[in-house]
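Taking it in order: structure first as C-alpha cells, then the write-up.
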Amino acid sequence: MAEALLQVQDLYKWYPIKGGLLGRTNGFVKAVDGATLSAEKGETLGVVGESGCGKTTLGRTALRLTQPTKGQILFDGQDITSLKGRKLKPLRRRMQIVFQDPYASLDPRQTVRSALTEPMRIHGLAKGRAEAERKALDLISKVGLNPDHLARYPHEFSGGQRQRIAVARALAVSPDFIVLDEPTSSLDVSVQSQILSLLKALQKDLDLTYMFISHNLAVVRQVCNRIAVMYLGRVVEMAETESLFRSPKHPYTKALLASVPIPDPKKRTELAVLEGDVPSPVNIPPGCRFRPRCEFATGRCAEVSPPMKEVRPGQRIECLYDIDFATRKKTEL
Amino acid sequence: MKLYEYVLRRLALLVFVLLALAALIFYITRGLLPPAYALTQYVTPRMTSAERLILAQNLGVATSSCPSYAAFATSAKGCIVPLWGQFFGWLKTVLSGNWGYTVLPGYVAGTETTWNVFWVRFPYTAELAIGGTILTIAIAIPLGIVSATHANKAPDHASRVVAISGYSIPQFWFGYILQVVFVLYVALNGRGLLPVGGPLPTSCAICFANPGSVVTRTGFPVIDAILSGNFPYFWDSIVGLILPTVTLALTTIGALTRILRSSMVDALHQDYILLARSKGLRDRVVVYRHALRNALLPAITIAGLILAFLLGGVVVIEYVFDFPGVGQAAVLASTSFDLNFLELYVLVTAVIIVLTNLVVDVLYAKLDPRIRY
Amino acid sequence: MTSQASVQRGSDHEVVLEVKGLKVSFHTYLGEVKALDGVDFEVKRGEVLGLVGESGCGKTVTALAIGGLLSDNAKVEAGQILLEGKDLLKETKDELRQTRLREVSFVFQDPMTFINPVLSVGSQIAEILESDKGFQAELVEYRIAELARAESKAGLTPAEVEEKRSLEGLKDKKLSKRSLRRLAKLRTLDYMRTVRLPDPERVYNMYPFELSGGMRQRVMIAMALVRRPKVLLADEITTALDVTVQAQVLRLLADLRGKIDASVVLITHDLGVVSEICDRVVVMYAGNVVEIADVEELFANPMHPYTQGLLASIPRPDVFTKEIKSISGSVPNLISPPSGCRFHPRCPKRFERCPLVKPPLIEVEPGHRVACLLYGG
Amino acid sequence: MESKAGAEEAPKSGAMADLRYSLHLMSRNKLVLAGSVLAAGTILVALLAHVIVPASATVDDRAIRICWNNSLINWHIPSINVCPRPLPLGTDAYGRNLLLMIILAVPLDLSIALEIVASAVVIGLVFGSIAGYAGGIVDEAILRVTDIFFAVPGILLAIVLMTVLGRTIPNLTLAVLITWWPLYVRLIRSQVLSEKERPYVEALRAMGAGRFRILFRHVVPNSIYPLIVQSTLDIGSVILTVSTLVFLGFAPSNIATGQTPELGSLTSQGSQYIFSAPWLIIFPGLTILIISLGFNLLGDGLRDVFDPRLRR
C-alpha cells in the first residue's frame, strides 16, 4: 500500500445553532460526524455525496480552514489537528484548494498577475519582482493561458478560463496536495472536459495529490483512483473507483449509482428511486443513519451504528450486512 | 426561540441601551461641568448654605464628610463624590421623577418642575410627530411603488427629484417659505390662508380662532377638543398642524420613498416575480401581492431611523412655527442652561425610539415567515 | 385525472406549438446581443421535447419568448410563435397573460428563488385558480365530477350530498369569494397529491424555506399543472437537485405524461436527463438550432459536429473513458457572433464556406434535421 | 438568465473599462449629471470665494440696510426699501451685499461638512472593519455602543453637547461628528461582513494570507463603493445639520447673528424680517438647498452606478 499523504481519523465538525434567551446552543449542524478516510501520495481521491452530506466541510476541515470539533488530521505524518495561527502557514504552502465558483474565488479588483504573485510574496517564494514575474508567466502557460492575460481582471474571462486562473493560483506555492471542491460543476460540459484534462496533466507533471469533491458521479468515475461516498457526515463506503462502480456494496452507494441517468437512450431503464429526502444533519437518526431510506434495513440497524468494515480487499463499508443486491441476500459482517 | 423570549431579550438589551445612554448624557451634562452645577435646578433662591450642602449630599454629589457648602462649591478634596457614584445618585433622583425646577424663561424660579413643564408640552410635539408619520407613510409608500413600477421612466425621475429635493431642503428655511407664501401671497381678505404660528391660530382665513371651552383632560389639543365636543377648537388644532407637519414630513418622505423604491425594484427583479408573471397573474396582483410584501420588509426596518429623523425635526419645526412643544423648549433650555429638561427630553425620546424599533422587529417577524426567534 | 385519456407518444403528429425563424436581441450597454438567430422547431401533442445546449445558447430566452416574458431590453426582431395556429407574438399584453394562464405554463430551475418566500406554497398555487373567472365553471364541474366519483365508489356523506346539490345549482352562476377559495383549495390539494407531495393539507400552509428542494420543485410542477396547460415549459428543473431527488422528479414526470395532456418542453444541459425521458431533441448552439432528431437517432447518429463534440465530451457514469474529449475554445460572445455558421471557429470539420454561409436547417433523413453545410445548403 | 450571460461575455479591457462603464452610466443619468455640476460648482465657489469677494464687502453700511434693487423680482411688498445702486440679491440687516455674503459663507459650511464626513469615514473604517472582521465580543461591544447613538435624534444630542461645551465652531464640528460616526461603523461593518463571506476570502486564507492583508488589501477596498456613495450623500445632509444648528443659535455669537456670514446664520438673521424682506431668508436657504441637492443627486446617482445588482 502506498504512503498516505493525508489521513483523516474519526473527524467531527459540528456547527452550533445559537438561539434562546441568552444565545445558548440549541443544537448542532453535524456537518461532518465521524468521517475517516485517507489520500495516498499521487492519487486522486474522490469524495462524493449529495448536498448537505458534509463533503465540502470535510475538505475545508482537512485543510484546516476551520477548526475540527473532534478527531485527528495527519498530513504527511504530522498531526495538524490543532495547529493555530503562524504554525499553519507552512502547511498552507503545501495544501491548496480550488473552489466551485471560479469567479467568486478571485478578488474582483485584483489582476491575474497580482493574484498569482501574491501567494509567492506571502510565502517568500520569489526573490524580487523579476522572479515573481517569471514564475507567473510559467504558471499561466502551464494552465493554458497567454502571457497577456496576466494584466487582466477576472471579469474579463470566461468561466473555464477563470477556473484555469484559480488552478494557477493554487499552483503558485507549489503545493503537494490540492482539494478540488466541485471544480467543474459551474462550467459547461464542453469546457468541463478541458479542465478535467488539465487537472490530470498537471497531476502527472507536478506529482500532485488531489482530493476531488463532487456530486457528479460520471466525472468522478473518469478522474479518481479511489472514491469515498459520504452520507450525512460519514464516509459510508470507500473503494477503488472501478470496484465501486462495478459492484457497490453499501445500499446507499447502490441507490446513488442507480439514480444517475445514463446519456444513452438505448440504456434507458427505470431509474431506481430512493424515496424521501436527505435528512437534515441536525437530527441524525440513531443507529445506521441511512436506515430510514434503506430498503434492506432490519431492526438491528436502528440499534447499532455500523462500524467501517472491509467487505473485499480495498473496499470498506459502514453497513451491518454484506448484501447481494441481485438475490437480496444479507450476510452479517 | 419563542417570540416572547425574543421580546424579553430585546427588552433586556433596551434597558442596557437606555442605561448606557443615561450614563452618556449624565457624563455630558454633569461630568463636563463643575459639580456645583448639579444643584442648579434643585435650589430655591432662599436656601441657606447649610441647606445647600444637605441638598448636595442628598443628590449624591457631595460626600457626607464634606464640611461646608463653600468647600463643596470650590470642589475641595474629599468633598466631591466620584463621578460614577454621582451617576447612581443622579439615577436614583431622576428615576423617582425628581427632575428639579425648571429654569426656562417664562417661569418664576423654583416654582414649576421640569417634569411638569415637559409633560405639558409633550402632547403638542406628539401630535406633530404623529401627523408627520401619517403624512410620510401616506405619501411615501404610493410614491415609492409608482417609482419602482416605472423604474427609469418619467414618473420615477419625477419622484426621485421630489424625494431628493425633500431631504435636501433645510426644514427651517422651508418653514419660513411656507409662512411667507401663506401670509404674503396666498391670502383671503388680507388674511393668510393657513395659520403660520402656534397650535391655536389667531389669524387665518379658514380657521375659526375660537378656543372656546375646552377642558384639558389628556393634554393633547386634538383629543381634548373631541372629548369636549368643541368642533371649532378641533378644526383649528388640525389646521394649525398642517404647515408644521408638511414641513416635518418633507425629509422623511424622501428617505422612505427612496428606500421603498430600491427594495421594490430589487423585489421586481427577483425570480419569484418572473414565476408570478409566468402564472398569468395580473400586474396588479404581481406588484401588490408578490413584490410589495417582500419590499416592505426592508422599508419598515428603517422605521426607527425615520422616527429619529422626525423627533429631531420637531426641534427645528417648533422653533420656526412658534409651536409650544418640547422641541421649541429644547432650544430655550439650551440658552437658559436647563440641563435637566434636555436630559429628560433625550431619555424620553430614546425610550420612544427604542420601543418603536422593538415593535418594528416583532412586526417584521410576523410578516416574514422565514424569521423564527 | 382528466376525462381525455392519455395521448400516446408518437401516435399523433399534430403540432401544438411551432416556433418559426425566431430572432431575439437584447439591448445592452456593450451592444446588441443577438441572442436568438432564427430558431425553428415544433412541439407535437403529447410529446416530451428536449431543448439542449450549453449556457448562453438561447434555450431560456426561447422559452421566455414563448411566454412573452422577455425582459424590457429584449426585442423580438422576427419570427412567429404559433400556438395551435395563433401567433403569440401578435397578441396584446393581456392576451399573452391569458395564454400563460390557460395554455402555456412554466416550471423553472432552483425553486428556492422562484417561489415567493413570504407566501405559503399552497396559496401560491391556489391564487392562479382564484385569479380568473374563467376557472369558476371548471372548478365547479371538477368538484362535481370528483363527488360523483366518490359517490360511485363509497357513497357520500350527507354533507357531501348537500354540497353536490348546491354546486349543481351553481353551475353557471358567479361563485361567492368563499366558495371559490374553497374549491380552488380543493383542486390545489388534489394536484399536490398528483405531484406526490406528502401530507398536502400540512404542506399547503408551509413556506418555501420549510420545504426541501425536491418538494419545492414538486410545488412548482403542481403550479404549472393545476391550470391544465397545453404546453409545459420546464427550464432546467432538475439542475439544482441532488441525483436521488432528480431521479424522483424524472420518475414523476414519466408517470405524469400518461395523465396530463400537455406537451412538455424540457430545457436542460444534461444529456443524461434528455436520454432518460425525451422523445425528440432540439440541440441549440449560440442562438441557433443546429440539430433536431428523435432521441435514439440523435444519440446513435449525431450529425452536426457540435452535437458530436458535445456527446463525446460528456463524462459517462457507466464506462471509464481513458481520454476525455472536449470541444476547443468557448461559447462565442453574441454581440459580435461569428459569421456564417456560428460554430465554425470551434469546428474541427470547418471548410472555406463555413464563415460565409449561414447553414439552413435541412432534413437529411426523415425526422432528422441538421444545420450544417456538410450536409448541403 | 441567459440574456445577462450574453452581456457578460462582451469584450472589456481592465479597470479602465470598468471606469468607462461607470462614467457611461453616470453620463446617461441626467440627474447625476446635474448633481455633479452642482457639487463641482459648490466646490469651485468655495475655493474661489475669498478671491471673488473683496475684503471690504464685509464692512457694515447701515445706510443701505435691508434694501432691494433687482427689477427681475417684484416682491409686492408696499413699504420696501429701494437700494441706491443695483444689487442682485439686495442687502442684509448690516447693509452688506447679500450675494457676496452667501458666496463668502459657502467655504465655511463646506469645510465643516467635509471635516465631519472625513472624520466619520475614518472612524467608521477603523471600528467598522474591526467589528466586522473580528466578530464575537468585540463586534458586540462596538455594535452596542452604536446602538446608544441610534436611540437619540442626532440634532438633540448635538444641542446638549453644544450647551455644555460652549458655542464654538470646533465644538459644533465635534457635536455633529459624535452623532454621525456610528452610521459609518454600521455601514463598513455590514460591508465587511458580507465581503468576508465571499469565497475569495477563503481562498486567501487557504493561501496563508494573514488577517491584516486580507482585511486591508482585499476586503476593505472591495467595500469602498457604498462608502463613497454614503459619504457623498452625507456631505449634503451634514451641511443641512450644521446650518440648522447655526440657525438655532449654536455657534459663536458673531456667526449666529450673521455678522460673520454662514448660510444658516444668514437665514436666521432674516427671520426677523420675514414678511418685510423675504429675500433675506429665501436666498441663503436656497443656497443650502442647492448645495445639498447637488451632493444628494450625485450620491443617489452613484448608488445606481455602483450598485452591483444593477451592473450585472
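Throughout, protein chains are lettered first and strands after them, A, B, ... in sequence-line order, and every chain is numbered starting at 1.
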- Task: Please determine if A:K55 and A:E50 form a salt bridge, counting it only when a charged side-chain N lies under 4.0 Å from a carboxylate O.
- Result: no
- Task: Check whether A:Q161 gets within reach of chain C through its side chain, its backbone, both or neither, counting any heavy atom under 4.5 Å.
- Result: neither
- Over all atoms of both residues, closest heavy-atom pair of A:Y15 and A:A31: CE1-CB, 3.9 Å
- Query: How far apart are the closest heavy atoms of A:V143 and A:R164, and which atoms are they?
  - Reply: O-NH1, 2.9 Å
- Message: Less than 4.5 Å to any heavy atom of chain A: does that hold for the side chain of C:I277, its backbone, both, or neither?
- Response: backbone
- Query: Given that the side chain runs from C-beta out, which part of A:R293 has a heavy atom under 4.5 Å from chain C: side chain, backbone, both or neither?
  - Reply: side chain
- With the threshold set at 4.0 Å, does a side-chain nitrogen-carboxylate oxygen contact exist between C:D318 and A:K267? yes
- Taking heavy atoms only and a threshold strictly under 4.5 Å, list by residue number the residues of residues 196-204 of chain A that touch chain C; give 'none' if the list is empty. A:L196, A:S197, A:K200
- chain A: which of C:L271, C:V245, C:T321 shares the most heavy-atom pairs with it under 4.5 Å? C:T321
- Query: For C:L310, is it the side chain, the backbone, both, or neither that has a heavy atom closer than 4.5 Å to a heavy atom of chain A?
  - Reply: side chain
- Query: What part of C:E323 is in contact with chain A, defined as an atom under 4.5 angstrom from a non-hydrogen atom: side chain, backbone, both or neither?
  - Reply: neither
- Task: Report the C-alpha distance between C:H304 and C:Y285 in whole Å, list the side-chain angles of each, state the deciding distance to 0.1 Å, and finish with yes or no for ring-ring contact (aromatic ring centres under 6.0 Å, His included).
- Result: CA-CA 11 Å; C:H304 197 283; C:Y285 180 79; 7.8 Å; no
- N-O pairing of C:E47 and C:R280 below 4.0 Å: yes
- Counting heavy-atom pairs under 4.5 Å to chain A, which of C:L241, C:L311, C:I314 comes out on top? C:I314
- Query: Would A:R162 count as a cation-pi partner of A:Y103, with NZ or CZ less than 6.0 Å from the six-membered ring centre and within 45° of the ring normal?
  - Reply: yes
- Message: I need the residue from A:E242, A:R246, A:Q222 with the largest number of non-hydrogen atom pairs under 4.5 Å to chain C.
- Response: A:Q222
- Please check if any side-chain donor atom of A:S186 sits under 3.5 Å from a side-chain acceptor atom of A:D101, or the reverse. no
- Query: Between C:R193 and C:D199, is there a side-chain N and carboxylate O pair less than 4.0 Å apart?
  - Reply: no
- Query: Is any residue of residues 247-255 of chain C within less than 4.5 Å of chain A by heavy atoms, and which ones?
  - Reply: C:A247, C:Q248, C:L250, C:R251
- Item | Counterpart residues, ring-ring contact (aromatic ring centres under 6.0 Å, His included), relative to A:F325 (two or more places apart) | A:F296
- Note on the structure: residues 250-266 of chain A vs chain C, non-hydrogen distance cutoff under 4.5 Å, contacting residues -> A:L256, A:S259, A:V260, A:P261, A:I262, A:P263, A:D264, A:P265, A:K266
- Got a second to check how far C:C354's SG is from C:K349's NZ, nearest 0.5 Å? 11.5 Å
- CZ of A:R226 to CG of A:L45: how many Å apart, nearest 0.5 Å? 5.5 Å
- Taking C:L298, C:D270, C:V273, C:V243 one by one, which has the highest count of heavy-atom pairs under 4.5 Å against chain A? C:V243
- Task: Give a yes or no answer on whether the side chain of A:S214 reaches the backbone of A:V48 with a donor-acceptor pair at less than 3.5 Å.
- Result: no
- Task: Of all the heavy-atom pairs spanning A:L232 and A:P285, show the shortest one and how long it is.
- Result: CD1-CD, 4.3 Å
- So, the side chain of C:Q308 versus the backbone of C:P302: is there a donor-acceptor pair under 3.5 Å, distance only? yes
- Task: Could you tell me whether the side chains of C:E297 and C:H368 share a donor-acceptor contact shorter than 3.5 Å?
- Result: yes
- Can you tell me if A:Q315 and A:E240 form a side-chain donor-acceptor pair at under 3.5 Å? no
- Evaluate the criterion side-chain contact (heavy atoms from CB on, under 4.5 Å) for residue pair C:E54 and A:L187; output intermediate values, then yes/no. CA-CA 9 Å; C:E54 297 175 283; A:L187 305 176; over 6 Å; no
- Query: Any idea which of A:S190, A:S280, A:G49 has the most non-hydrogen atom pairs under 4.5 angstrom with chain C?
  - Reply: A:S190
- Message: Shorter than 4.5 Å, heavy atoms on both sides: which option in A:N216, A:V220, A:V219, A:V191 has the most such pairs with chain C?
- Response: A:V219
- Query: Are A:R289 and A:D33 within salt-bridge range, i.e. N to O under 4.0 Å?
  - Reply: yes
- Query: Is it the backbone or the side chain of C:V274 that comes under 4.5 Å from a heavy atom of chain A, or both, or neither?
  - Reply: backbone
